[in-house]
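To keep things clear, I will list the structure first and then write my remarks on it.
Just so it is clear: chains get the letters A, B, ... in the order the sequence lines come, proteins before strands, and each one is counted from 1.
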Amino acid sequence: MTDTPLDARFDPGQADARWQRAWDEAGTFVADSDSPKPKSYVLEMFPYPSGRIHIGHVRNYTMGDVLARYKRMQGFEVLHPMGWDAFGMPAENAAMEKGVHPGGWTRANIEAMKAQLKRIGFALDWSREIATCEPEYYGHEQALFLDLYDAGLVYRRQSEVNWDPVDMTVLANEQVIDGRGWRSGAQVERRKLDQWFLKITQFAEELLDGLGKLDDWPDKVRLMQENWIGKSQGLEFRFALSNGDQLPVYTTRPDTIFGASFVAVAPDHPIAQAAAMNNCDAAKFIELCKRGGTTAAELETAEKLGFDTGIGAKHPFTGEYLPVFIANFVLMDYGTGAIMAVPGHDQRDYEFASKYGLPIPRVVARSIDLADAPFAGEAEPGDGVCVNSGFLDGMRVDAAAAEVIARAEAGGWGEGKTVWRLRDWGVSRQRYWGTPIPFIHCAKCGVVPVPRDQLPVILPDDVDFKTPGNPLLRHPTWKHTQCPGCGGKAERETDTLDTFVDSSWYFLRFASQPADRPFDPEEVAKWLPVEQYIGGIEHAILHLLYARFWTRALKHIGKLDFAEPFASLFTQGMVTHETYSRREDGREIFYSPEEVDRRSESAALKAGGLPVEIGRVVKMSKSKKNVVDPDDIIERFGADAVRWFMLSDSPPERDLPWSEAGIEGCARFTQRLWRLFGQYDADAQGEDKALSRKMHQAIAAVAEDIEALSFNKAVARIYELTTAAEKAQSSATRSEAIAALMLLAAPMMPHLAEEAWHANGFYGLIADAPWPPHDPALLVEDQVTIAIQHMGKLRDTVTAPRGASQADLEALALASEKVRRSIEGAAVRKIIVVPDRLVNIVT
RNA sequence: GCGGGUGUGGCGGAAUGGUAGACGCCGGGGACUUAAAAUCCCCUGACCUUUGGUCGUGCGGGUUCGAGUCCCGCCACCCGCACCA
């Protein structure tokens with residue numbers, strides 16, 4: 001027996017803080033890059049410091065934490081850092097609404113959130129903490145930006161923004177609601193500004209090919225990125241116009257060229273601009289198209305509108321003249337900004353042609369004899385054979401496309417071309433709270449980079465947010481400087497960088513943080529690539545693609561020798577909660593879980609008892625008030641119960657519905673484990689073969705499940721072994737199983753595990769203990785249950801020794817009374833035997 | 001609109017094409033208790049003519065000895081769409 005019997009109840013209020021302090025003082029989770037151990041870099045997407053840790057963060061970081069702690073137990077030197085994606089719009093919004101400084105607001109938020117993370121007991125190396133809003137971080141980012149500029153990967157061009165004509169400011173897409181500014185309510189316009197771009201398109205092919213090697217990324221994310229990059233092989237060709245000009249168009253479907261019934265150009269296409277010059281109706285139409293937001297979703301769901309320019313375009317094969325329209329659904333950014341429209345086989349063209357009464361010829365059909373089949377109210381974009389298409393008739397579409405390209409090239413009026421959907425990355429933001437773009441505008445010398453020895457370009461602190469627009473632009477002194485070239489008066493660039501730039505290299509800075517450079521390549525090479533990256537699916541495209549691009553770009557300029565930053569990616573689901581609401585005065589009013597008394601079938605307000613409606617289970621959000629506060633639940637249940645809840649039940653890639661009953665169950669389980677840990681007896685004698693087998697199976701299964709990030713399954717295994725150990729008689733095996741349970745639970749419930757480890761007199765911290773070994777020979781059972789089916793339906797089960805012969809299993813099956821009754825004398829035609837699993841009798 | 005995903009008991013979910021519902025929550029019954037809390041034990045997909053049987057994995061088809069799993073067509077919900085992070 002141990003000398004120190006455990007207290008009857010586990011007290012997280014005491015234990016959590018005690019062990020958090022013990023880890024801190026021992027520097028347990030400080031990563032040593034000089035360690036001889038194999039290295040493992042576990043990273044969760046760093047948070048935006050909004051002020052409070054959200055339960056979704058808790059889930060994300062708990063998953064990474066379990067993996068980090070498990071890897072340590074497996075003998076790895078683990079890097080598990082944390083930092084803050086600290087630039088961005090919410091700080092400026094807070095400044096405008098509450099009159100606080102974005103910097104002060106952000107730094108206070110960071111302090112509060114860091115304290116919250118510490119209370120959950122995460123195994124983080126805080127010595128490497130980063131906040132992107134500090135010059136010690138963004139100054140290096142400016143240096144990297146200049147490196148990319150020197151390599152020709154940065155340029156300026158005009159690009160459209162959402163312009164609020166009342167607030168005289170640029171709006172983010174999320175600030176445009178139904179085409180209007182969120183504060184002013186004014187009709188938003190699309191306006192062109194000079195902006196900075198990164199040449200991500202130069203790496204399009206590489207980024208696409210690289211996906212094929214990212215075997216440990218989810219297929220869905222790779223597919224999304226592939227579609228986003230959007231490589232297409234098509235035909236670029238020129239229409240001869242009735243006005244003597246030529247109009248280049250690009251199409252991915254040259255096989256449908258005989259189905260073109262009109263030509264359409266983007267509203268900002270040169271032809272449209274020219275039309276506007278001498279036709280004020282055309283000019284008005286183009287103005288109309290410029291209203292509303294810039295998002296793809298808005299552009300594509302807007303009603304299809306067009307303006308006939310009166311120009312004709314000569315079809316290269318038929319010689320017929322097709323009308324040229326200006327159309328709001330054609331994008332200047334893609335291909336040549338002009339299309340041949342084939343209404344029969346493209347839905348957008350179909351809607352446009354229907355609206356303007358243009359012909360909708362069929363040029364693809366399932367078979368040649370269906371050449372005159374009518375359309376069922378929509379376009380048919382699919383596969384088939386060409387019809388009504390002259391020399392293409394009867395060819396399959398892919399062969400026809402190749403044929404058209406060959407003829408265009410032979411005739412000299414077009415050529416096969418690869419076009420990418422991916423566009424260059426616009427990084428200019430007309431905002432204060434971001435990394436200043438390190439350039440200077442000089443009347444004589446043009447746009448000049450800030451000399452390296454003048455970095456960092458530091459944001460001024462004395463700014464005001466009383467008037468809309470960019471505070472850097474109207475700051476009295478900040479932008480005025482000397483030109484590094486001629487020494488004359490010049491102005492700083494007042495745009496700041498997209499915050500996606502900040503998050504495109506923070507994982508490098510975590511691995512290595514010299515003062516004089518962004519990172520040390522040798523130090524980075526010790527840790528990178530990140531072995532396991534964990535974050536939300538909402539980042540599947542932009543953040544992950546930009547980080548991949550940035551890493552490749554750094555490799556391209558010789559700063560790194562690897563191209564992919566994240567070897568393995570995992571995307572976790574959201575934490576959700578049902579909503580509670582009442583209709584009051586015709587409006588739906590939401591109530592928070594604390595305000596509601598939830599019974600099994602109904603719910604009512606605690607104050608007053610009025611019934612509330614239990615709504616759908618949705619993502620937690622402030623507007624729906626269905627949020628729970630991590631501090632509150634840790635206070636009530638302890639960090640380990642909260643961590644256990646985050647891991648239980650729902651598979652990590654799916655949504656996790658928060659429930660009060662669920663967390664209560666988790667808290668009960670911590671006490672149940674605690675009682676079991678109190679029954680550890682170092683002097684117990686005797687062997688328990690059945691329990692031993694279960695223990696070895698559990699150790700192997702939990703390890704496998706954690707490595708696969710199937711935490712919910714690991715949790716189920718721990719429940720099973722707990723139940724088995726509770727029911728077993730005292731024996732040496734039982735004590736061994738109890739000790740094993742402490743170790744299996746250690747990554748998930750580290751405070752409880754430490755407390756039990758210590759109380760039972762084990763040496764050191766359990767965080768430093770090795771993962772328990774298992775005997776592979778004990779993983780399989782000698783007796784197996786065989787299912788006996790008749791015509792695929794279960795009739796009986798029998799037990800048989802593992803590895804029993806087919807003949808023996810057949811005999812067992814046919815001997816079954818239940819099976820014989822089911823067959824009822826019918827002739828057995830066939831018997832299918834799956835060894836160690838089942839026998840299926842076919843009659 | 002386009003791209004991607006998800007759908008299994010009252011609930012979260014488990015299941016290399018091979019016994020559907022492991023494990024947990026909720027609920028029901030019981031033990032202990034003066035009582036409660038805590039704890040422990042048992043039951044818990046639906047239906048029927050209940051020592052047995054039928055149905056059942058969003059809906060409709062298909063492949064197979066056998067389909068939650070594979071194929072085709074739908075439906076609903078969720079994520080992303082380039083200035084939210």
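A sub-4.0 Å separation between OP1 or OP2 of B/U19 and a side-chain N or O of A/Lys793 is absent. Between A/Arg717 and B/G24 there is no side-chain polar atom (N or O) within less than 4.0 angstrom of OP1 or OP2. In this model, the phosphate group of B/C83 is approached by a side-chain N or O of A/Arg429 to a distance below 4.0 Å at OP1 or OP2. Applying the 4.0 Å criterion to OP1 and OP2 of B/G13, one finds that A/Arg654 has a side-chain N or O inside that range. Within the structure, a side-chain polar atom (N or O) of A/Asn173 is placed less than 4.0 Å from OP1 or OP2 of B/A82. Taking only side-chain nitrogens and oxygens, A/Thr499 comes nearer than 4.0 Å to OP1 or OP2 of B/A85. Dashed line: the shortest gap from a side-chain N or O of A/Asn712 to OP1 or OP2 of B/G24 is not under 4.0 Å.
For B/C26, its base never sits under 3.5 Å from the side chain of A/Glu664 at any donor and acceptor pair. Below the 3.5 angstrom threshold, one finds a donor paired with an acceptor across the side chain of A/Asp649 and the base of B/G12. Scanning atom types as modelled, no donor and acceptor separated by under 3.5 angstrom connect the side chain of A/Gln175 and the base of B/C84.
Nucleic acid contact class of A/Phe500 (heavy atoms, under 4.0 Å, all strands): base. Within 4.0 Å of A/Asn840, counting heavy atoms only, lies at least one base atom of the nucleic acid. Residue A/Arg348 is out of contact with every strand shown, counting any heavy-atom pair closer than 4.0 Å.
With sequence neighbours excluded, no residue satisfies ring pair (Phe, Tyr, Trp, His ring centres under 6.0 Å) with A/Phe570.
Here the nucleotide nearest the side chain of A/Tyr719, chosen from B/G24, B/G4, B/C25, is B/G24.
Here the closest heavy-atom approach between residue A/Pro436 and residue A/Tyr138 is recorded as CD-CE1, 3.9 Å.
Distance, A/His539 NE2 to B/C81 P: 10 Å, rounded to whole Å. For A/Gln158 and B/C83, the CD to C1' distance is 17 Å, given to the nearest whole Å.
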Report the C-alpha distance between A/Phe203 and A/Trp550 in whole Å, list the side-chain angles of each, state the deciding distance to 0.1 Å, and finish with yes or no for ring pair (Phe, Tyr, Trp, His ring centres under 6.0 Å). CA-CA 10 Å; A/Phe203 294 83; A/Trp550 192 270; over 10 Å; no
Taking Watson-Crick (N1-N3 plus N6-O4 or O6-N4) and G-U wobble (N1-O2, O6-N3), each under 3.5 Å, can you produce the dot-bracket string of RNA chain B? Use [ ] for crossing pairs and | for inter-strand ones. (((((((..(((.....[....))).(((((.......))))).((((...))))..(((((..]....))))))))))))....
